[in-house]
Amino acid sequence: MVEDGGQTWSTANLLAEYEADTRAEAEELAKPYIRAYEPRHPMTPKRNRLYRTADGWLLLGEGSFQRQYPYHFRVCELEWDSADASVEDRRR
């Protein structure tokens with residue numbers, strides 16, 4: 001998931017396409033996408049910093065006038081999908 005100032009975008013749905021056996025494996029799969037992510041703000045970035053957090057990553061973009069734009073990335077596990085009953089069956 002990618003969150004921008006409270007807005008959750010489906011940009012990271014690419015990550016959901018990958019199946020990983022462990023959380024660590026899922027995080028390794030996510031890293032290249034997170035580093036390559038180009039946020040829509042700031043439009044002319046001066047600096048980007050990527051932090052590792054307890055539940056994912058925080059990309060902090062800095063633009064003109066030192067305004068900062070936070071983007072949060074999280075690795076999520078699909079628990080249930082009403083369109084695919086087999087997801088719950090695989091967890092058993």
Practice item. Step by step, work out the salt bridge (Lys or Arg N to Asp or Glu O under 4.0 Å) result for E27 and R23. Key: CA-CA 6 Å; E27 289 175 348; R23 181 173 185 83; 3.3 Å; yes

**Study point:** Intermediate values then yes/no, side-chain contact (heavy atoms from CB on, under 4.5 Å), F73 and Y37
**Key:** CA-CA 10 Å; F73 298 84; Y37 184 72; 3.5 Å; yes

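Of all heavy-atom pairs between A26 and A20, the closest is N-CB, 3.5 Å. Listed here is the closest heavy atom pair of Y69 and G63: CE1-N, 4.5 Å. Taking all atoms of both residues into account, the shortest heavy-atom contact from R52 to G56 is NH1-O, 2.8 Å.
To the nearest 0.5 Å, the span separating CZ on R74 from NE2 on H72 amounts to 6.5 Å. With rounding to the nearest 0.5 Å, the separation of CG in L60 from CG in N48 is 8.5 Å.
Following chains of ILVMFWY side-chain contacts shorter than 4.5 Å, one cannot reach L58 starting from L50, and the two form parts of different hydrophobic clusters.
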